[in-house]
Structure formats: C-alpha cells, structure tokens
**Student:** 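Quick one: the structure is below, questions incoming.
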There are 2 protein chains.
Amino acid sequence: MKLVTYVNTFLNEQIKRTSNTLTQKTPEPKKRANLRDVAKVAGVSVATVSRVLNEPGVVKKDTLEKVQAAIDALKFVPSAAARAINSGRTRFVGALVPTLDNAIFARFLAALERTLSERQLSLIVATTDSDLEIEAEKAQSLVDIGAEGLIITGAAHSDALHDLLNRTMLPAIVTSFYDAENPLPTIGYDNAAVAQLALQHLADLGHRRIAVVHGPVHDNDRTRTRLSGLRALPWTGELTTYETEISHRGGAEGARRICSQPQKPDAILCLSDVVALGVLFGLQAEGITVPDDVSLVGIDDLPSSAVAVPAITTVHLPVSQMGEKAADALARWISDQERPSAERLEGRLMERQSAIPLRSI
Amino acid sequence: MKLVTYVNTFLNEQIKRTSNTLTQKTPEPKKRANLRDVAKVAGVSVATVSRVLNEPGVVKKDTLEKVQAAIDALKFVPSAAARAINSGRTRFVGALVPTLDNAIFARFLAALERTLSERQLSLIVATTDSDLEIEAEKAQSLVDIGAEGLIITGAAHSDALHDLLNRTMLPAIVTSFYDAENPLPTIGYDNAAVAQLALQHLADLGHRRIAVVHGPVHDNDRTRTRLSGLRALPWTGELTTYETEISHRGGAEGARRICSQPQKPDAILCLSDVVALGVLFGLQAEGITVPDDVSLVGIDDLPSSAVAVPAITTVHLPVSQMGEKAADALARWISDQERPSAERLEGRLMERQSAIPLRSI
DNA sequence: TTGACATATGTAACTAGTTTCATCAACCTC
DNA sequence: GAGGTTGATGAAACTAGTTACATATGTCAA
C-alpha cells in the first residue's frame, strides 16, 4: 500500500489518490517498485540500473550512488521471476528425500539447506515416501517449476526419472550412496562397506547367530546394498533377516518377532538407528537385557544412540558433511558447469555399550 | 542461442544440424520449447495457446486438439518464471521453523508439504535455529524471491519481521501457537493449556514436588507460554525448572542435574518429548526407575514416546493436522484473499506407563 | 588537429508468458 | 436483408528484467 502510494505520488503526482485510500475498505496489496521506477527516480536508463545490480564496476561512481539512493528510497528488490526469465537462473534446487520423519534425512537436509543458502540458493524439499513413482512425479514438477539442480537419494530410480535427467541433463547428485561407476555423481558412503563394518564388529566380538532388522527393500537400494554387503562378507556365521518399517515402532515389532523365534540370536544388527532404538525398546518390553542377553548394533549414529541406555554401538554416517559436500558440488556444477566427481565418505564404528563379546557358555 | 538452433531444426527442417552435433564436444543442454514454438507448430497465435493452457473452455474443440498435440509433441511445459512475472503468482510459500532436528517440526512440515502440494504450491523450508534475527533475514529473502505466503512458528518475532509483514501484507500464518488476539491468524494449540494438561495430570496423581525440564526460553515464546501456563495453574505444589537444550542429550543432562539435587522430585514434567526421552535415558543411567522412583510426563507425543519403555505419558499435539490446516488456510488466503481466522487445536493427554500415582510413604 | 580507442550511458530488442482489444464469421431477430 | 449478438481467434501491448548495439564523451598519441 505505502509503496504504491509512494510510487504513484512520486512518478505521476496523483495526489487525488490519497482520498481514494479513504474509500477503500481493503488496503490494496501494494506493488513493489520495478527497474523502470528506479531508473526514473535516479534519472538514468533501465540499462544503467541493471548494470548497478549486476556489474557495478562499469558504472561511474556518482551515477552508481544516485542509482543506489533510488534503490534504497524505493526499497527496490529485483523480481526473481523476471531475472529467472532472462538468465535462466532460478536460484533454487530441489531435494528428493524419502521422508522427513527419520532424523538422518532431517540432519542431512539441515546441512544441505545451510550450505546452499551460503551459495545464495534456496532449497525446495520434496518427500517421496520411498516410492519411486512419486519420486519421479515430484522430480518432474521440480524441473517444471525451474529447479536448477536436484539432490536425489540413492542410485536406483524409475525409468521416468532417468529419462527426465537424460533429457534435461540437469545437474543432479546422488546422495546416501557411493558408487564411482554411477552415471550421476554420487556423494555418500559405501553402504555395503558400512554394513560390513557393523557386522565385522559383531563377528570380532564372537557373535555367530545374528538377526538383521532392516527397513523395506522395495524401492530402497541403500537397504538392498547394505544387505548384500552383509552377505558378501567372508564370514561363516548365520544371518536371519527381519524386514520391518523404519520407525521406532517397526524396530519394536522386529524385536517381538525375534523373541518369538525358538532360538534367540547372539546379536541383533539393525540397518538404521531408528530401528535399533525401537529394537532396544522392544527387547526391554520383553524383559531382555542389552547387551547381557543380546548385543545390539545400529547404523547411522543418530544423537539418540549416544544417549540411550545402554548407549548403542553404531556406525557413524557423516550426513552433515554429506549435506555440505552435496550442496557445494551442486552449486559449483550449476554455476561453473563443472561436473563433480564421485566422493566417498567413510563410515566410522562408534563402539558403545550395546555390543559386548559373546559370553562363552 | 541454443534455443535458436533447436527451434530452427524443428520448424525449418535444417537437417544439417545432425552433422553439427558431431562436431560439438558438449552435447548442448537442449532448451525447452516455448509458447511461440507451440503456436507455430499448431498454426495458431500465442494467445490461443495461452488460452488452451488457462481457459480451455473458450477454445474451439479442434483448435484445442491441434494445440494440445503440439504441446505434447514439443513436450512443452510453461515457464514458471514467465508465468510468475505476469500473474505475480510464484506458486510457492516459505516456512520458517526453528529446526528440522526435532521430529515435531519434521512431522509438521511433512503434513504441510503434502497438503500444499495438493494445492499446487511448493514449499521452501528455512530453518532459523531459534534465532529471531536469522528468522527475519530468511523471511526477507523468502519474500525477495517471491514467496506468496509464509508459515511462521510462534507469535513473538523481531521488529524486522513484523515490519516486513506489515509492509508487504503478505499472507502469513502463525503455527504452534494459538491466540485469537494475535494480529496474524494463529493455527495451533494453546501452549499454556497444553502444559497445564500435563501438570494437572501429575497433580491428580498426587505429585507435589515437580521438576520441569524445558528448552531455552530465549527467542521461544512457546516455551515461555507453557511455563507461564504451569505457574498460572491453581495448585499448591512446588515447581523447580531446569532449562536445557531441546535434544536427547539435553534431556539426559537435565536428569543428571535433577539427580544431583539433595531432594528428588516426585515427578518430572518435560515440555517436549525429545527432552522427556532424554530424561528417561538420563534417569536410567543414574539407576533411577521410571515410574517407580519418579513419574515422567512429556509434551508432543512423538512416535518414540509410545514405544519407549516405559511408554511415556504425554500430551498429544496434533501437528499433522496443524500442518494440513495451516496449508489449507494459507492456500485459500493466497488464492481467494480470504484471511483465515484463528484456529485452536486441542492437546490430548495420552496416559501411558511413565506416570503413576505418588506412593504414599 | 585529427584519428584511435576506452569509458560510460542510452535505446531498443530480447526472454516467455498473459491480457486487452480488434476483427471476423456465424447466427438470430426484426 | 440490415443490425445485433455471440464465439473464436489474432495482433500487439504488457509484465520485469537482461543485453546487444549504438552513441556520446574523454583521453592520448601521431
């Protein structure tokens, strides 16, 4: 309101407008000043104003000051849409993650958003519910509305998404997954290695019968890769897998299923910490003590794992670092056409209290 | 430039382009078709194509089909930026939340995003780290890049943000907070009432000495309101407050501080479930049993609270519903100029195992 | 003094849509 | 058959920026 009044008054001397205002019930939603307004106020051409914004070096000092003053007076902010239309740069990217409900993605996104915003890029978050069809749809609409790049989770996607990426050749980075051979640059950990780290630890502690509790394998290549990593480890123990929902509830249910088996495992390996904490609760509910009755190992290293009682031994995944690196790589790819190379982040075993050597009977 | 090449090929049958391609090292990032291209292919004017997109009813059937065919053939998708420039509608809104690290906000955002996307609106998430200065800055840049509306958390904000909202009169909805008198529409729960619900429950169970563990009050009106709600309850017991970080770690530390006091409280009331779970862990680490030694109550009703052992008695906050309602209200406000009225969502006590009647000695 | 060149700025054409207004044909009424 | 109305479409102006090109001025060397 104030702005419109201001501009009109200023440019067209429509003083009568003041009385208009009185008769209006809805205080009209004020327009913001545009380049032409600034140019008129500063007494220069629109080109000069544009130069002040984009290459101030070429503008003479006192012209620059005049324009700057006009910009301040009108509180002028260039329209992002108009800029986007010419430059093709919309200054936002999209991230496709399975869910916000798992802290591991929330932490990743927090780092991603922080780093992107340092690069003057906004982030649009789209959740896919771990459904590759939904993922492809949301990717399409991100592209349609002008995303300059995508962050996607995992390497396996629907044909529709692969097509989209091939057609548009949009900068897109795969995260939570490392594979140097992947057609798209991957920035993440080697999921097979990460799972092996956890299993090897249990093996080193002497455990032989191990229950693996994991999330859905459908539409989730990270879980599949972790599982095949486990199976690929040269080790002669016995693995039993339990698929469940990735949630505390899912973990608790996994624990119940394990307890209903005739023979208890030596240890339980959970492919994510959310599930591990759920399993811990589930075991407690069944009166089973960790680690005395059974050892427990997770993967992710969520903050809760360090605080739980017993503290959960897990594999630390550097998701914040992954967010920063993915943001940096994507920002550079967009601005310099510099396609990043794959980057492998290492998981690290965090030995805590939930896994102890197998008691010899 | 690239666009010219593409259009030429398509429209003027410049077959030589094939050989061009061979000499090019970089497979050019093919630009998408625009309105003019579609119009040319369909043999109609740009106005007609625009009508097909926006008011297909007024276009004759066979013209419509011709245009539709051209759109499909060229895989034409209208540029969001160009639309935004004329209509002023950018079709995205911004949400300012303190953090993604607390599941309560992650759950809220998930519902918000889901509902907004049904209304063809994208969501840009900005985290403020519970800092009102950062909040104002991020709000400003959301507005600068064209957000059509804002979702903000809590009613207390910096002058800069209030100024921004007054100046632009942008649709903005306050969530996680109910106050019918607030200048902006609020959609949320009455934080004082919610805290009272929890305290009343403990009071009803006979507890008299209650430790309250809560997050920072600085820059957080929700916590302040909950605390003053507790103090306003007509009740003669004794409250001791412990401020800590909102995290599992913060809760555990709170538990340690409580345990270091000469006299133990009857019960512990945590103003958020994340803290409550941390307190539970902290107490377990100190060898104190919940609920036998001390009762514990939280607020939020995160999924983990139902699964924890003991399951944590808490006040359920309908955050998913809040996300849906906020999204609906904001979408309607934006499209119909229909300013929503405040909406109060009720918290609900979830009685579980962590709080039991005070044992008479 | 003139030409060569750099510097600073303006004009107008561009980006990709929407929208106003004009045009034209078809149909209906008198 | 003239006039009025409606329906469908197009030309061109408009949104708010960027940018290619033109122009005006100033500096310096020949």
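Worth knowing before you read on, the calculation uses all heavy atoms, side chains too, and leaves out hydrogens, waters and symmetry mates. Just so it is clear: chains get the letters A, B, ... in the order the sequence lines come, proteins before strands, and each one is counted from 1.
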**Student:** Considering every strand and a 4.0 Å limit on heavy-atom distances, what is the contact class for B:Val49: base, sugar-phosphate, or nothing?
**Tutor:**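 No contact.
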**Student:** Taking NZ from A:Lys60 and P from D:dT27, how many angstroms apart are they, rounded to a whole number?
**Tutor:**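 The answer, rounded to whole Å, is 10 Å.
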**Student:** For the side chain of B:Ala47, starting at C-beta, report the closest nucleotide among C:dT19, D:dG17, D:dA20.
**Tutor:**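 Minimum distance to the B:Ala47 side chain belongs to C:dT19.
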**Student:** Over how many whole Å does the gap from A:Ile85 atom CD1 to D:dG17 atom C1' extend?
**Tutor:**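 The distance from CD1 of A:Ile85 to C1' of D:dG17 comes to 8 Å, rounded to the nearest Å.
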**Student:** Could you state the atom-to-atom distance from CG of B:Leu35 to C1' of D:dA11 in whole Å?
**Tutor:**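 My rounded result for the distance is 15 Å.
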**Student:** Side chain of B:Thr48, heavy atoms from C-beta onward: which of D:dA20, D:dG10, C:dG17 has the nearest atom to it?
**Tutor:**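 Nucleotide nearest to B:Thr48's side chain: D:dG10.
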**Student:** Could you tell me whether the phosphate oxygens of C:dG10, OP1 or OP2, come under 4.0 Å of any side-chain nitrogen or oxygen in A:Ser45?
**Tutor:**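 True: A:Ser45 side-chain N/O within range (under 4.0 Å) of C:dG10 OP1/OP2.
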**Student:** Drop me the distance from B:Glu135's CD to B:Ser130's OG, to the nearest 0.5 angstrom.
**Tutor:**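 It is 9.0 Å, given to the nearest 0.5 Å.
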**Student:** How many whole angstroms separate atom NZ of B:Lys40 from atom P of D:dA11?
**Tutor:**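 Going from NZ in B:Lys40 over to P in D:dA11 covers 12 Å.
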**Student:** Given C:dA16, C:dC14, D:dT9, identify the nucleotide with an atom nearest to the side chain of A:Asn86.
**Tutor:**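 Minimum distance to the A:Asn86 side chain belongs to C:dC14.
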**Student:** Could you please name the option among C:dT15, D:dG17, D:dG10 that lies closest to any side-chain atom of A:Pro78?
**Tutor:**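 Closest nucleotide among those given: D:dG17.
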**Student:** What is the minimum heavy-atom distance between B:Val41 and B:Ala70, and which atoms define it?
**Tutor:**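 Result for this residue pair: CG1-CB, 3.8 Å.
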**Student:** Mapping B:Arg51 and B:Ser79 onto DNA chain C by nearest heavy atom, which one lands closer to the 5' end?
**Tutor:**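 Mapping each residue to its closest nucleotide by heavy atoms, the 5'-most match is B:Ser79.
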**Student:** Which nucleotide, D:dA16, C:dG10, D:dT18, lies nearest any side-chain atom of A:Asn54?
**Tutor:**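 Looking only at side-chain atoms, A:Asn54 lies closest to D:dT18.
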**Student:** Can you tell me if the side-chain N/O atoms of B:Arg36 get under 4.0 Å from OP1 or OP2 in C:dA16?
**Tutor:**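 The answer is no; no side-chain N or O of B:Arg36 sits under 4.0 Å from OP1 or OP2.
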**Student:** Between D:dA8, C:dT9, C:dA16, which nucleotide has the shortest distance from any of its atoms to the side chain of B:Thr63?
**Tutor:**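 Per side-chain heavy atoms of B:Thr63, the pick is D:dA8.
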**Student:** Tell me which nucleotide among C:dG17, D:dA11, D:dT18 gets nearest to the side chain of B:Ala82.
**Tutor:**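 That would be C:dG17.
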**Student:** Let me know the distance between CG of A:Leu64 and C1' of C:dT9, rounded to the nearest Å.
**Tutor:**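 A:Leu64 atom CG is separated from C:dT9 atom C1' by 13 Å.
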**Student:** Grab the CZ-C1' distance between A:Arg83 and D:dT18 for me, whole Å please.
**Tutor:**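 Interatomic distance, CZ of A:Arg83 to C1' of D:dT18: 10 Å.
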**Student:** Examine the side chains of B:Gln68 and B:Asp72 and answer whether a donor and an acceptor come within less than 3.5 Å of each other.
**Tutor:**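 There is no such pair between these side chains.
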**Student:** Could you check whether any side-chain N or O of A:Ser158 sits under 3.5 Å from a backbone N or O of A:Ala136, counting only pairs where one atom can act as donor and the other as acceptor?
**Tutor:**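 No, the answer is negative, given that no donor and acceptor are paired below the 3.5 Å cut-off.
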**Student:** CG of A:Asn34 versus P of D:dC14: gap in Å, rounded?
**Tutor:**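 That distance rounds to 13 Å.
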**Student:** Taking atom P of D:dG17 as reference, at what distance in whole Å does atom CZ of A:Arg91 sit?
**Tutor:**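 Nearest whole value for this atom pair: 16 Å.
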**Student:** Checking B:Thr99 against B:Asp129 for the side chain to side chain contact (heavy atoms under 4.5 Å, CB included) test, could you report, in this order, the C-alpha distance in whole Å, the side-chain angles of both residues, the deciding distance, and whether it holds?
**Tutor:** CA-CA 6 Å; B:Thr99 176; B:Asp129 247 325; 5.6 Å; no
